Amino acid sequence: MALTNTIITSWKLQEIVAHSSNVSSLVLGKASGRLLATGGEDCRVNIWAVSKPNCIMSLTGHTSPVECIQFNSSEERVVAGSQSGSLRLWDLEAAKILRTLMGHKASVCSLDFHPMGEYLASGSVDSNIKLWDVRRKGCVFRYKGHTQAVRCLAFSPDGKWLASASDDSTVKLWDLIAGKMITEFTSHTSAVNVVQFHPNEYLLASGSADRTVKLWDLEKFNMIGSSECETGVVRSILFNPDGSCLYSGSENTLRVYGWEPDRCFDVVHVGWGKVSDLAISNNQMIAVSYSQNNVSWYVVDLNRVKKSGSVIQGLIQDKPIPAPTSALGSTLRRNYERPTTSCTGQERSPSSEDEKEDKESSAEITNPEDYKEIFQPRSAISRTPPKRTEPFAAPLEHSFSESVLEKPGPAVKIVTPVIDRVGFPFLKLAVVTTSVTSPSRPVPIGLNAGDFLSVTSVMGDEEALAQIRKGHDTMCVMLTSRYKNLDTVRSVWASGDVKTSLDSAVSMNDLSIVVDVLNIINLKPSLWKLDLCTSILTQIEELLQSKYESYVQTGCISLKLILKRFWPLISDTLTAPPSVGVDITREERLKCKACYKQLKNLSNVVKNRAEQVGRHGSTFKELQLLMAPLYY
């Protein structure tokens, strides 16, 4: 059976095991699109060449999980922020650490290098933004204004402004020269995950957990566009290098947007899951995502993606689309004025104090050949032009075929790989029926199935069915009981009494039911009332100490919402002077006292969990900051 081969638009390039424990952050080098840095809960930063299976360099020194990473514009340096609040900066070409920067009180969750100078910015769960002078090894300015974690930072192309995105649903713009906030954009309704400046014009794009991408005019400081068709949380955005369109990465989907007017040029379905970063090289989109300790690379052929012209049918209904003012869709908006000289100074040599502080840090080169080729090209004398990176070859889209070698000799059956639309290879081992003795027909080279498959014991149908059914009855009983309990809670919920519904869930002594109800309430924070807090805080303490990750996550979200909504009320009520006349606040004061006592107990649990290294460490550190008044 033979099918006509066609080139596919997107495919999975490679998957690697990047760390010995869970991957916690990663970033692509935007200049080349060929370099990747990963950070893990093993406290290491590993450097990779895209499409190559082996790590080039492993950077050590951090003593807590690495929460964010960033390359500088030339990709010769990399900085990593940790859960403890420290930053470490390495010189990749020299394979050594340059600086260790301390100052944040909580996990560092965003970083960016200044485009022209020896400066970098860091944002933290403590809601502060710090500007660091790498030469002086110190913080030169602190920007305060956000009320929650700062998730993304971006310098403008001319280096004069800094944009910040936060969990408080705002985007702020800072003037580096004046040292103050210029403006604040507040149209997002949920945490803002990413911001990026247009490469030429005074435009800023932002992507949020509210499933929208918004564009902001930086001359008039107003919103000029907003998408409404994302199917999931927007985690990555990237302007095309010529500024003609904006790419948006959400779960399993890449969208291409234009603005003035708002329009979606194309939608590409890619099986990348929760994409973490995007880069463009050779007119190909390079994307990366991670799950546990695995990292996957994906490629989208931008030659086959629509970047201008008519919109996707059905996204805009009955609205005439005026033509863009130019081929790039640009207007009379101002462009950035880039300085012609760099503001970098001579690098200060490390002092004896620096060397003492960084003695535990190292840069271990694990792949010398790739390291010399990528980071030390100037150390070799070349008499030919330097090599240029080539686009990644797209696999052909076809169904698998079976071919049988004919005479001479016994038959050898070979099953070829199958590649689906998103580029996942489904490989089957070649099964050799008998050896080929004919000299004119060599034996295929590959894995011998006999080395892997046991021939002594073959499981029969009955035994296989017994294995499948093992534990099935127990699971059915458990799920049936859970269904009945949830149906009881739902019937109470239908009456509109949220507290009684939650109380009934608590009375069932089944944490899974409590988690299900809390997940519904957390989706609509306005449902939270002080009455609910007194009923559920004891259950939240159990959830925070659960061995199930989903239970811990639900408990953290619930506790964070309670603290943000009710701690000011609890604090003010308990510190208010006693009333002179009728004590009309007595009932509320009793509720506040009960909540305070339970929160005090929870603060010890949060403090202990915040000291542990793990996936939820940064979340517990954030809760610890919110509960700081309870420790005094």
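Residues: numbered from 1 along the sequence shown. Because the structure is predicted, anything quoted here is derived from the model rather than measured. Basis for what follows: all heavy atoms, side chains included, without hydrogens, waters or symmetry-related copies.
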Hey, is the main chain of [Y] close enough, under 3.5 Å, to the side chain of [X] for a donor-acceptor pair?
X	Y	answer
Glu622	Ala149	no
Glu184	Thr170	no
Ser166	Asp168	yes
Arg255	Thr253	no
Asp217	Ile224	no
Asn46	His19	no
Ser289	Ser276	no
His62	Ala80	yes
His114	Phe155	no
Asn252	Gly273	yes

Are any non-hydrogen side-chain atoms of [X] and [Y] less than 4.5 angstrom apart?
X	Y	result
Val234	Asn193	no
Tyr257	Asp262	no
Val108	Lys130	no
Leu523	Asn519	no
Leu120	Leu87	yes
Leu204	Phe185	yes
Leu218	Phe197	yes
Gln70	Val79	yes

Task: Residue pair Asn522, Ser558: steps toward the side-chain hydrogen bond (donor to acceptor under 3.5 Å, both in side chains) verdict - done: CA-CA 7 Å; Asn522 291 339; Ser558 302; 3.0 Å; yes

Quick check for you: to the nearest 0.5 Å, what is the distance between [X] atom [atom1] and [Y] atom [atom2]?
X	Y	atom1	atom2	value
Asn240	Ile280	CG	CD1	5.0 Å
Asn22	Tyr290	CG	OH	9.5 Å
Ser10	Leu302	OG	CG	11.0 Å
Ile521	Leu527	CD1	CG	6.5 Å
Leu36	Phe71	CG	CZ	6.5 Å
Cys109	Gln83	SG	CD	11.0 Å

If every non-hydrogen atom of [X] is compared with every non-hydrogen atom of [Y], which pair is closest and at what distance?
X	Y	result
Pro65	Cys43	N-SG, 3.9 Å
Cys152	Val195	SG-N, 3.5 Å
Asn128	His104	O-CE1, 3.7 Å
Leu28	Ile286	CD1-O, 3.5 Å
Gly39	Ile69	N-CD1, 3.1 Å
Val45	Trp90	CG2-CZ3, 4.2 Å

TODO: For Glu118 and Arg77, run side chain to side chain contact (heavy atoms under 4.5 Å, CB included): C-alpha distance rounded to whole Å, both residues' side-chain angles, the deciding distance at 0.1 Å, then the answer.
DONE: CA-CA 11 Å; Glu118 294 285 336; Arg77 293 181 178 182; 2.7 Å; yes

- [ ] Go through the steps to decide whether Lys306 and Val256 satisfy the test side chain to side chain contact (heavy atoms under 4.5 Å, CB included), and finish with yes or no.
- [x] CA-CA 8 Å; Lys306 189 180 297 184; Val256 189; over 6 Å; no

Open item on the list: Between Lys30 and Asp277 (salt bridge meaning N to carboxylate O under 4.0 Å), is one present in this structure?
Closed with: yes

- [ ] Please name the residue in the list Ser226, Ser248, Ser190 that meets the side chain to side chain contact (heavy atoms under 4.5 Å, CB included) test with Thr212.
- [x] Ser226

Open item on the list: Quick check on Tyr548: does its OH atom have over 12 non-hydrogen neighbours (other residues, nucleotides or ligands) under 6.0 Å away?
Closed with: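 Open: at most 12 neighbouring heavy atoms sit under 6.0 Å from OH of Tyr548.
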
Open item on the list: Checking Ser250 against Arg211: is there a side-chain donor and acceptor pair closer than 3.5 Å?
Closed with: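 Checked: Arg211/Ser250 side chains show no N/O donor-acceptor pair below 3.5 Å.
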
TODO: List for me each residue that meets ring pair (Phe, Tyr, Trp, His ring centres under 6.0 Å) alongside Trp132, sequence neighbours excluded, and say none if there are none.
DONE: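 Listed in chain order: nothing, the list is empty.
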
Open item on the list: Using side chain to side chain contact (heavy atoms under 4.5 Å, CB included), reason through Leu173 and Phe221 one step at a time and then give a plain yes or no.
Closed with: CA-CA 10 Å; Leu173 195 64; Phe221 300 119; 3.9 Å; yes

Open item on the list: Between Trp259 and Val213, does the side chain to side chain contact (heavy atoms under 4.5 Å, CB included) criterion hold? Intermediate values first, please.
Closed with: CA-CA 11 Å; Trp259 55 92; Val213 176; over 6 Å; no

Open item on the list: With a 6.0 Å cut-off on the ring centroids, do Tyr143 and Trp161 count as close?
Closed with: no

